[in-house]
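First up is the structure itself, then whatever we jot down about it.
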Amino acid sequence: MNAMKLLIKGARILDPSQNLDLEGDLLIEDGLIRTIDRKIPAEAATEVVSARGLWLVPGLIDMHVHLREPGEEWKEDIESGTRAAAAGGFTAVACMPNTKPPNDSPEVTRYILDRAREVALTRVYPVACISKGQKGENLAPFGELKEAGAVAVSDDGRPVADSGLMRMALEYARSFDLPVISHTEDPGLSAGGQINEGMVAARLGLKGIPAEAEAVAIFREVALAGLVGYPIHIAHVSTALGVEIIRRAKESGLPVTAETAPHYFTLTEEAVLEYNTNAKVNPPLRTAKDREAIRQALAEGVIDAIATDHAPHGPLEKKVEFPAAAFGLIGLETAVPLTLNLVREGLLSPLRMVELLATSPARILKVPGGTLKPGSPADITLIDPEETWVVTEENLHSRSKNSPFLGWEMKGRTVMTMVEGRIVWRS
Amino acid sequence: MAVEFPHRHLLEIGPLSEEDIWTILKTAHNLKEVLKRPIPKVPTLRGKVVANLFFEPSTRTKLSFERAAKVLSAEVMNFSARGSSLEKGENLLDTVKNVEAMGPDLFVIRHPASGAPHFVARHVRAGVINAGDGFHEHPTQALLDLLTVWEKKGTLKGLKVAIIGDIRHSRVAHSDILAFRKMGAEVYVSGPGTLLPPEREALGAKVCLRLEEAVEGADVVMALRVQKERHGRPLFPNFHEYARYFGLNRRVLSLAAEGAILMHPGPINWGIELAPELEDFPGQVILDQVENGVAVRMALLLLLLKASET
């Protein structure tokens, strides 16, 4: 589609897949990355973009978002959600199956992909259900779902309560080489819970969700992954105890990967004070000690990826009394500056940041991307790490505005997002 | 009466200073004289409108607020969830906005959701009094408890207060723990393990696994109602066992300090949290609490509505 040759000049090029961190130029031809070099002559290109002071990285991949289509388009749809993704620097998103109807059949998977072809600004990777209707009873048809285009399975938002069914899911997913993603929550321990169990819950008179609700479930998943001998991916890790279990599982060689979200390494349960429904999320925001453990786990490699768990909700779900409010917050457009904070703190190297947001998600989901190797599709993000901006409802592109970061000053912003050499976002 | 009261709302105990609480208690104490007059009515709040919004059942609190408003000559608008448009699916904010359009000066709100009065306070111009929200707080109950104890004991500082029962889910216990501690009393709590808060969440109260340890030497013993309606699965096996190990009776109360008083926020489940033999216990002040409830709510209406004028 793209006979042109686009040259990006003078960027800091970061690619963990090649252990590359150099000041230089990158040439795109026919939607593919052609060359990277310290200097590529401008004559080689039909168009030149100056990227001085910018980071050029493989297009970011958010392996955990909710696009709400089909069924809840007043919150978000594939067009608005992928616009928010592109504005946030993501060239691909994996959308969770808790739509209405849930993505438990090849028809729904195909619907999502058809819509994505029509309106999406980024790549869309559907994640299908583990169980039919997310009911936790019978397996969804993994083979047909994969054939229709699903890249992984998860009952995200509705944990698989029955350990026997989870074992079967791992065994059956193995037949189709489908990654299995687990929302780890012991429903008996979390029942009725609103926020983290602890001092803030006690002060606000809200039923708590103990850290152990996550830890017990993570332990079950790593044990089952060992039993079956097939990998499990743990979604949105929020607790120090959960990190500790994953660390030990990895040390003993169990096949487990894990992600966390920017709100877990940025905020604590204190964000809920004043009954702020935009900070109501599941798993809940935890304590300062948990947040510190998550940060260390990102630095040390215990946690493999950062995903946003972008979960749009409108005023109908959020402008209500706290216990009636829905769980979830939006995150696509604030992930880059919040992760850059960890780089500025010296906790992550720039390469590690790109690994967490691009290379690892691609590897875990077994999808293309996360690399700038010549010959790869030109999925590319340009980031200005220094630009400051304030999060307001007006400057968010998501249809929903349920961010706990409204009013925050952010440092770092996506300047350009490209998918297969096409510019899908430019600030 | 020119008193300083720097609050527009009463949502929880936390923001009140010790001095604010004394202002409320002394104002309430003085207003009790009005209630004893042959014609107990004064024109102080004539023209003011109080909206009572009760989204869950109440006898004492609702009647008490209504009575308090009427003694002070305020108009009262009453709303009950039952029979309202809530049953047609109207949400809380719309309900409140519609009532606000009818011009009340103050909202009194009881709601099953913790934080509902805070939510309303953010979206209306009028003041808001929390008349009980979920598991969170019931600040006017704590204030009337303070008034009752102060009147009976002559002080609050240094008293030992024992609160017995469902501490974990009780908004009364929550507000009482904060209020009594703020006024310098020591608070001990006891009840079955499933109804006790973890130590770190006891808000400064001492958690006692044995009932006797909490009651021993106490100047004030308060039983809480077993809240049959608030739990999903039962948190103790049966009422008989509750009464036997966690209910108050004359034997347990004999461990309390000389002249100890016995309180209960009502409604009482006789034979569960209180043995029937305690109905004529000499230190029983349950009806004094109800009477003081009217006085405390008069004081709050006065203080909040006068504060909003200036």
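Residue numbering restarts at 1 for every chain, and letters A, B, ... go by the order of the sequence lines. Quantities reported herein were computed from a predicted structural model and do not represent experimental measurements.
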Could you tell me which of B/G14, B/A202, B/A116, B/A113 has the largest number of non-hydrogen atom pairs under 4.5 Å with chain A? B/A113

Out of B/G115, B/P197, B/P198, return the one with the most heavy atom pairs under 4.5 angstrom to chain A. B/G115

For B/S17, is there any backbone N or O sitting under 3.5 Å from a side-chain donor or acceptor partner on B/D20? yes

Based on non-hydrogen pairs under 4.5 Å, which of A/L206, A/T277, A/L204 is most in contact with chain B? A/L204

Consider only side-chain N and O atoms of A/H313 and A/R68, and report whether a donor and an acceptor are under 3.5 Å apart. yes

Toward chain A, the part of B/P117 with a non-hydrogen atom under 4.5 Å: neither

The interface call for B/R168 against chain A, heavy-atom contacts under 4.5 Å, is neither

Check this for me: does any side-chain nitrogen of one of A/R247 and A/E244 sit under 4.0 Å from a carboxylate oxygen of the other? yes

Any heavy-atom pair between the side chains of A/V200 and A/E270 that's under 4.5 Å? yes

Chain B contact via A/E197 - side chain, backbone, both or neither, heavy atoms under 4.5 Å: both

Run the ring-centre check on A/F322 versus B/H136 and record whether the distance is less than 6.0 Å. no

